[in-house]
Amino acid sequence: MQRKTTKKALARASVPLPEGAQAIVDQLVQGPMTAEAIEMLSGQLKKALIERALQAELGHHLAHEEPSEEAANHRNGSSSKTVLTGDGPVRIDVPRDRTGTFQPILIPKHERRFTGFDDKIIAMYARGMTVREIQGFLREQYTTEVSAEFISSVTDEVMEEVSLWQSRPLESKHAGNPIYR
């Protein structure tokens with residue numbers, strides 16, 4: 001059975017690799033790989049990229065922080081947390097600063113979802129799947145347990161926007177054309 005290719009997938013596929021990335025791919029892929037090996041490598045790369053981006057955020061925070069009378073703020077280890085991504089759960093190390101003023105933007109404090117995961121839940125809900133069906137799908141496909149309340153909270157976040165969009169006044173596409181007046 002052939003899959004339908006979406007415009008988004010084609011756009012992602014046509015984007016060239018950043019400079020130097022091809023050399024990294026060549027180094028990582030020495031020969032044939034199984035689908036499982038590619039998935040595992042993808043997860044490891046996602047973890048490394050997220051952690052590197054968080055380290056860069058902390059570096060920016062420390063460089064632009066107002067100096068205080070006390071000792072200067074600096075890096076202070078990390079704490080681990082699991083985030084849900086579009087490819088399943090990923091365990092990451094989030095860097096900390098000594099004064100506790102660092103507020104990550106990529107994955108904010110107390111956030112457990114990485115961009116894209118909510119979109120999958122919303123897409124399934126929009127297709128008419130029940131909360132329990134979504135929960136079962138996530139368990140089977142991503143081997144991750146999420147509560148029904150979690151799924152409901154994700155869908156509730158967009159329901160207000162959906163309601164506003166559905167109740168918006170419709171404009172006639174012929175309103176400016178004198179023939180249709």
Side-chain angles (χ1 to χ4, degrees), residues 8 11-12 15-30 33 36-125 131 134-135 137-162 164:
K8 281 185 180 180
R12 282 192 304 263
V15 175
L17 288 172
E19 188 177 323
Q22 187 60 51
I24 296 168
V25 171
D26 293 342
Q27 184 180 2
L28 294 172
V29 181
Q30 299 291 317
M33 294 178 74
E36 292 82 17
I38 290 172
E39 289 295 323
M40 187 173 75
L41 181 60
S42 175
Q44 292 169 333
L45 286 172
K46 183 171 276 191
K47 173 184 169 52
L49 288 170
I50 291 170
E51 289 176 350
R52 179 65 60 95
L54 289 170
Q55 289 289 347
E57 277 190 48
L58 177 58
H60 180 78
H61 168 75
L62 294 173
H64 293 90
E65 189 177 55
E66 294 290 323
S68 65
E69 293 178 16
E70 300 174 12
N73 194 6
H74 57 278
R75 295 177 189 273
N76 189 31
S78 63
S79 55
S80 294
K81 76 176 180 179
T82 301
V83 292
L84 301 173
T85 71
D87 299 322
V90 175
R91 187 88 177 150
I92 61 169
D93 294 321
V94 180
R96 297 184 308 230
D97 64 334
R98 175 65 75 186
T99 61
T101 56
F102 175 54
Q103 299 290 325
I105 297 168
L106 182 63
I107 302 174
K109 287 184 178 180
H110 312 294
E111 189 68 39
R112 297 282 181 201
R113 300 177 307 234
F114 189 63
T115 305
F117 192 76
D118 288 359
D119 295 340
K120 289 184 185 297
I121 292 173
I122 292 165
M124 289 184 281
Y125 186 76
V131 170
I134 295 169
Q135 191 177 24
F137 177 82
L138 295 174
R139 185 181 318 108
E140 290 172 16
Q141 293 297 310
Y142 298 109
T143 62
T144 187
E145 284 291 331
V146 293
S147 69
E149 293 79 20
F150 170 80
I151 295 168
S152 292
S153 72
V154 171
T155 56
D156 288 348
E157 287 176 16
V158 297
M159 288 312 290
E160 184 177 330
E161 275 186 59
V162 170
L164 288 172

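Residue indices begin at 1 and follow the sequence shown. Keep in mind that this is a model prediction, so the values were computed, not measured.
Here the CZ-NZ distance, from Arg112 to Lys81, works out to 5.5 Å after rounding to the nearest 0.5 Å. With rounding to the nearest 0.5 angstrom, the CD1 atom of Ile92 is 5.5 Å from the CG atom of Leu54. Arg75 contributes atom CZ, which lies 4.5 Å from atom CG of Leu58 (distance to the nearest 0.5 angstrom). Separation of atoms CD1 (Ile151) and CD (Glu149) is listed at 9.0 Å; rounding is to 0.5 Å. Interatomic distance, CD of Gln44 versus CG of Leu28, reported as 9.0 Å (0.5 Å rounding). For the atom pair CZ (Arg91) and OG (Ser80), the distance works out to 5.0 Å, reported to the nearest 0.5 Å.
With hydrogens and angles disregarded, a donor-acceptor distance shorter than 3.5 Å links the side chain of Asp97 to the backbone of Phe102. Looking only at distances, a side-chain donor or acceptor of Glu57 sits under 3.5 Å from a matching main-chain atom of Ile105. Here the side chain of Gln135 pairs a donor or acceptor atom with the backbone of Val146 at under 3.5 angstrom. Under a 3.5 Å cut-off, the side chain of Gln22 and the backbone N or O of Glu19 do not form any donor-acceptor pair. Although no hydrogens or angles enter the test, the distance criterion places a donor-acceptor pair under 3.5 Å between the side chain of Arg96 and the main chain of Asn76. Looking only at distances, a side-chain donor or acceptor of Ser152 sits under 3.5 Å from a matching main-chain atom of Ala148.
Contact check for Pro108 versus Gln103: no side-chain heavy atoms found under the 4.5 Å cut-off. A heavy-atom distance below 4.5 Å is not found between the side chains of Phe150 and Leu138. The shortest distance between side-chain heavy atoms of Phe114 and Ile50 falls below 4.5 Å.
Remark: His110 engages no residue in a ring pair (Phe, Tyr, Trp, His ring centres under 6.0 Å) (not counting sequence neighbours). Checked against ring pair (Phe, Tyr, Trp, His ring centres under 6.0 Å), Tyr125 has no partners two or more places apart in sequence or in another chain.
Contact detail for Ile107 and Glu111: the closest heavy-atom pair is CG2-O, 3.8 Å.
A donor and an acceptor atom, one from each side chain of His61 and Glu65, are located under 3.5 Å apart.
Within a 6.0 Å sphere centred on CZ of Arg52, heavy atoms belonging to other residues, nucleotides or ligands number 12 at most.
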